[in-house]
Amino acid sequence: WPLGARHVWICAVDMPQHLDIEGLIADPKTSPFAEALASAKHVLVVPNRSCSVYSRLWCVYEAFLAQQQGKLVRMAIRPDIRGSAVAAVGLAASCALGAGLAAVAGHELGKVSLLYATVWVLLAGSLLLGGQRVRRAVHLAGCAISVYFFASGRCPHWHRLHDLGYFAAAELDRVRLAAFDVEAENIKRGLQGSAEHAMCSKAADEEAIKKEIGDDMGKVDRVIDVLVKATQASPLWTALSEQGLDVTGAGFTPWACPTYLLGVIVIHTAIATDGRHCGNAPPLEKPSPGDLVTWVTISTQAVWGVLTVVLSSDRRSFFIFILEKLMMLYFCMMSVTLFAIQFHGDLGHTVSEWAKLVFIYTVLLLSIIPPLILVRAPLVGPGLVQFLLRRVKLHLPRCPQTSCARRISAIGIPVDSLA
């Protein structure tokens, strides 16, 4: 549901369907559809399982008007209760595994620097990879290691909570994105390549609408294509798609990354620790008022919080993609830095603090540059924007249809949802 929206206009409810309404819709541009859409800020497309809504010409006309007026077109999704329940069971099992390892192995399970670096690698993998099964495996492994750290006391108790919160939120984001993929398939169901094949129940309406759209049917097809790929169609995503960029999933707003930053930045820089530390790294100390990194980080967190509220939906998604990709690079660098801390403590901590400042200022710089200007940067613009938007698709092999899988499928639970 669009943030801040309080009212919705629905044709079947507002229009007197049992009366003769030919006079109301004789001229498409003055019809109730057009007038309602002109005053709306958002267009919410509700797919169904029978056929594509864009097999109906009036829905195509609404997409045409939305494109003409620069409206944000969103895709509604059905909450995936079953998928969320399966994800919750998986997260609970991985947490139990981590707690069990802590109880059995205690402090004997490998070098802490190696395990700690593994957490950073898993965080980077979650932000970079796009396959459903791969991401689920990464999230469950991350939860298990985070709970092990927490339960074994090898790091300060709060020090792994933000990691655990990220992996749990990322797993729920994965389920939400899968639900969007299902609705995208419903929108494509029955489409014959172009919206020009859509039909009306009355020939006069069909003729009037196609005359109104004219030669812009290709632009309508672009809007529908962007909606299916990006989960929302806006002037931003449409313009990037027209420049040849892949906008798959671009309109989806994941909340795992902001959740992590809220924990790691506020807790790690503003709260005093109990003096315990990981491996041979020196104990963390309470930040002093003159600590530049601490106060820059806290103030930047406030700026990021404001940006996630005031930015439009498409710009907010793009901003979070910037955070994700730079966090991925930061995590990769930090996994290497951990080994430097292990052998050269002072040098490693110095690199860590400077890396944090570089990360902060790079995010701020990219967030204030409009994407359509960024993509025009000489040589690197299109490649940089595509890097920010795209995930690497990796897929784990499917499990064979065992007798257990066939029994589960027989009671109505898709086996794919368990994998």
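The analysis underlying the following values was restricted to heavy atoms, covering all of them including side chains, and did not include hydrogens, waters or symmetry mates.
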(message) What verdict does the side-chain hydrogen bond (donor to acceptor under 3.5 Å, both in side chains) test give for T238 and Q67, after you've listed the backbone C-alpha separation in whole Å, the side-chain angles of each residue and the deciding distance to 0.1 Å?
(response) CA-CA 9 Å; T238 303; Q67 184 271 331; over 6 Å; no
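Within the structure, salt bridge (Lys or Arg N to Asp or Glu O under 4.0 Å) contacts touching residues 231-253 (residues at least two apart or in different chains) are D246-R390.
In this structure, the side chains of M327 and E324 stay at 4.5 Å or more apart for every pair of heavy atoms. Within the 4.5 Å cutoff, the side chain of S201 has heavy atoms near those of the R56 side chain. At least one side-chain heavy atom of F252 sits less than 4.5 Å from a side-chain heavy atom of D173. Side-chain atoms of S313 and L72, non-hydrogen and from C-beta on, do get closer than 4.5 Å to each other. Contact of the V138 side chain with the L123 side chain is not registered, since no non-hydrogen atoms from C-beta on lie closer than 4.5 Å. At a threshold of 4.5 Å between non-hydrogen side-chain atoms, the residues L191 and I224 count as touching. Residues S31 and W58 form a side-chain contact, since some pair of their non-hydrogen atoms from C-beta on lies under 4.5 Å apart. No side-chain heavy atom of V385 sits under 4.5 Å from any side-chain heavy atom of P371.
Each of V223, V220, I209, L57 was evaluated against F64; a single residue qualifies, V220, per the side chain to side chain contact (heavy atoms under 4.5 Å, CB included) test.
Aromatic ring orientation, F331 versus W120: tilted (interplanar angle from 30° to 60°).
If you take CG on L37 and CH2 on W9, they are separated by 9.0 Å, rounding to the nearest 0.5 Å. With rounding to the nearest 0.5 angstrom, the CG atom of L97 is 10.0 Å from the CG atom of L140.
Between the side chains of S146 and Y166, no donor N or O sits under 3.5 Å from an acceptor N or O.
No close placement of the F33 and Y61 rings is indicated, their centers lying 6.0 Å or farther apart.
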